[in-house]
Student: 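Sharing a structure, written as structure tokens. Questions coming.
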Amino acid sequence: MAQPEGQALAGPSDRQRLFPSQENGAGETCFGVLGGPEPLLRLQRTWGVWQIPELGVQGAEALLKSWPPGSFLVTGHDPSQVLVLRTGPSPGEVNTYQIQKLPGGVSLESSNLCMPDLPQLLAFLSASRDVLPRMLLLPPPTPGPREQHTVPLQIGSVQLNTSGSVLSVVNKLYLETHGGQGVKQATPETPPETAKKNDPAPRNPRPHRVSWVEGPLSPEINHPGPALASLGEEEKDDDKDEEEGPEDVLTSHIRVLARARSSYVARQLRGFQARLISNAGGPHRPGDPAIELLQDVRHLLTDLQDHLAKDPHVRTVFGSRGPGVPQKDKDLGPAVEAALCRAVLAPLKSALWTQLRTLRAPELRRLRRRQIALRLGAGPPGAQGEGPEGQGPAPTLRSRIHSRLGHLHAACAPRRKVALLLAVCSDIYEGLASGENKEPQGADAFLPALTEELIWSPDIGETQLDVEFLMELLDPEELLGEVGYYLTTWFGALHHIAHYQPEGGRSPQGLSSEASASLRQWHRRRTLQRQGHSRAQAALPFEEPWGIETVPRDQR
Amino acid sequence: MALRELKVCLLGDTGVGKSSIVWRFVEDSFDPNINPTIGASFMTKTVQYQNELHKFLIWDTAGQERFRALAPMYYRGSAAAIIVYDITKEETFSTLKNWVKELRQHGPPNIVVAIAGNKCDLIDVREVMERDAKDYADSIHAIFVETSAKNAININELFIEISRRIPSTDTNPPCGGKGFKLRRQPSEPKRSCC
């Protein structure tokens with residue numbers, strides 16, 4: 001049975017597992033590169049927080065005014081990106097630095113330091129000032145799916161003496177350029193991390209090569225990783241559909257059927273793929289092509305599910321599974337569904353999502369713009385009383401939420417996506433829980449908290465697509481219950497963000513007539529389906545409330 | 001005994017006690033399975049009414065003005081709507097009238113409307129007269145009760161009255177299976193042995 005987070009078995013902590021302690025024999029703890037892979041991982045996992053291409057320099061400066069010194073944003077599109085840095089506590093202390101694209105990678109203007117890519121450059125600048133007046137302050141860590149064991153970033157090495165008072169960054173570029181004046185050149189047998197204390201790096205090297213941090217090691221550099229125990233439990237328990245389990249023989253069988261030219265499964269799949277490609281030219285039918293595409297996916301999967309559940313060969317395969325597996329007929333449906341997700345939906349996912357992103361591009365751009373506008377109106381993420389929707393949760397909880405969102409985007413099976421979406425809801429309630437108050441919080445507290453989390457979440461567009469995907473794929477009966485409630489609430493929070501008005505600072509007070517009509521059509525279409533009249537839906541297009549700008553102006 | 005799932009939507013200003021009413025309704029049960037699996041925004045409780053079991057699927061809504069535009073997403077497909085006001089705040093009763101208008105214009109055609117005047121334990125600071133609220137409810141053919149979530153007054157009665165007003169039926173509408181099920185068991189019409 002999974003243990004509560006606070007009662008983990010005696011053993012290495014998550015921090016120790018991620019970054020094992022390395023004693024180098026001279027009483028020094030070598031942190032590998034910049035405290036292990038953490039700065040780079042943090043940058044990779046918080047990409048949507050610090051890189052906002054659509055935001056102008058002025059917007060970035062305005063946003064950074066309420067953030068602590070060292071906070072930064074990267075704006076603009078490649079190759080004219082700009083690093084905007086809050087350099088001090090006063091309002092005007094914000095500097096901008098052009099990011100140069102070089103043949104060997106990227107560098108800051110007036111710097112001789114070149115790194116392979118932007119995250120690596122920023123990771124280095126979080127431990128070494130180079131040409132900057134201060135080091136970068138990284139966003140809070142947000143562990144992403146299956147990223148716990150990434151190879152350390154090979155920039156240089158970091159050494160900390162036993163008193164903890166001096167941190168030296170030994171840059172490989174410096175060693176290559178200067179041949180290690182005063183530094184023993186690291187041989188293959190002696191990795192750079194093992195350079196001894198009696199061979200220190202030079203105190204006054206050329207500028208822009210090596211930076212020194214006096215005093216105790218900054219907590220920003222050696223930030224303990226968030227507890228991952230609960231995430232591990234969620235990984236194990238939330239959904240068995242995507243695991244290689246006893247049903248794998250069924251998955252293999254369906255994969256074979258999907259490849260066999262003459263099989264019903266293959267014919268249906270080819271038909272769907274042809275329609276998917278034909279849609280690539282953009283909307284060409286009345287109604288909403290993205291929704292029609294998702295309806296097509298649902299029809300494909302439910303049709304194949306019905307067909308396979310009746311197929312005697314499938315029943316034989318299902319019955320021949322290994323010992324210890326329940327072989328009751330009633331388990332066939334879920335087993336076929338899980339196998340279909342692995343054998344049919346998973347291979348289609350990449351093309352399907354690419355197509356959805358294309359069809360939804362204007363709405364997703366608008367959603368992202370509004371998200372940025374809301375961030376601009378807020379203080380630092382989760383700052384008390386300063387967020388657009390109030391106080392956010394603790395950084396570790398927000399990290400967990402971002403991690404779950406990463407898993408949600410990566411997942412394929414609807415059951416898995418739903419489990420992760422509900423896990424995020426649970427995390428948000430956990431953040432709302434207040435001491436002695438045993439009475440749980442209702443929607444008055446939950447919806448603003450969810451909205452706040454979405455405002456600060458990376459990949460908000462992917463979240464929108466996931467919610468739409470689930471609302472279209474799930475059975476209407478499911479949408480009456482808990483899953484339907486929380487999907488509707490996510491949909492509503494995204495709608496609220498998409499319709500945020502920077503001037504008025506709030507969303508419109510009523511739905512437009514088009515949006516209201518589309519909601520009624522959506523409900524009517526799903527209700528008709530529930531009663532078995534799936535043909536009737538073709539004449540009932542659906543524009544999401546957040547997408548009402550797509551309605552032609554002459555029809556408004 | 002047939003089980004019917006009834007979607008009930010909670011509407012009303014923030015702070016009037018929507019969640020408290022539902023929590024009191026659900027928490028007072030001896031059924032160990034009624035606690036919310038995630039949080040109190042969505043809760044369920046099954047009650048027996050005549051020869052049927054009514055499973056209330058209770059959808060809470062955010063009462064803040066800025067979220068008002070989202071309400072249609074919540075009340076669509078509802079069998080009933082409970083509109084809550086605070087008897088100590090006149091403006092919450094004015095808001096209630098706007099909700100009634102909206103439901104009449106855009107809500108499901110046969111939705112049962114219930115009006116709940118919450119915090120009736122605070123009679124010293126009452127701003128909305130019971131008679132006025134009752135007359136208004138009668139004029140729109142709505143259920144009316146004054147409740148106290150704090151003292152458990154009229155909470156069960158509110159839901160019993162909703163059960164009484166909802167038209168009787170023998171079975172759930174047939175489901176065409178046109179989407180992914182999340183439950184492990186097949187979705188046949190649900191029966192109970194009691």
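Throughout, a chain's letter reflects where its sequence line sits, starting with A, and its residues are numbered from 1. Just so you know, these numbers come straight off a predicted model, no measurement behind them.
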Student: Would one find more than 12 heavy atoms of other residues, nucleotides or ligands at under 6.0 Å from atom CG of B/Asp132?
Tutor: yes
Student: Measure the OG1-CD distance between B/Thr44 and A/Glu482 for me, rounded to the nearest 0.5 Å.
Tutor: 8.0 Å
Student: Hey, what do you get for OH (A/Tyr485) to CE (B/Met43), rounding to the nearest 0.5 Å?
Tutor: 11.5 Å
Student: So, for A/Leu447 and B/Leu70, which heavy atoms are closest and what is the spacing to 0.1 Å?
Tutor: CD2-CD1, 3.8 Å
Student: Taking the side chain as every heavy atom from C-beta outward, state whether B/Trp59 and A/Thr488 have any pair of such atoms under 4.5 Å apart.
Tutor: yes
Student: Kindly check if the number of other-residue, nucleotide or ligand heavy atoms within 6.0 Å of CD1 (B/Ile123) is above 12?
Tutor: no
Student: Mark yes or no for whether B/Glu5, through its side chain, and A/Leu480, through its backbone, hold a donor-acceptor pair below 3.5 Å.
Tutor: no
Student: Keeping the roles fixed (side chain from A/Tyr429, backbone from B/Ser41), state whether a donor-acceptor pair exists under 3.5 Å.
Tutor: yes
Student: A side-chain contact here means heavy atoms from C-beta on lying under 4.5 Å apart; do A/Thr451 and B/Phe67 qualify?
Tutor: yes
Student: Given a strict heavy-atom distance threshold of 4.5 Å, which part of B/Thr14 is in contact with chain A: side chain, backbone, both, or neither?
Tutor: both
Student: Which atom names give the shortest non-hydrogen contact between A/Thr489 and B/Tyr74, and what distance separates them?
Tutor: OG1-OH, 2.9 Å
Student: More than 12 foreign heavy atoms under 6.0 Å from NZ of B/Lys89: is that the case here?
Tutor: no
Student: Which heavy atom of A/Ala443 sits nearest a heavy atom of B/Ser19, and at what distance?
Tutor: N-OG, 4.2 Å
Student: Where is the tightest heavy-atom contact between A/Gly492 and B/Met73, given as atom of each residue plus distance?
Tutor: CA-SD, 3.8 Å
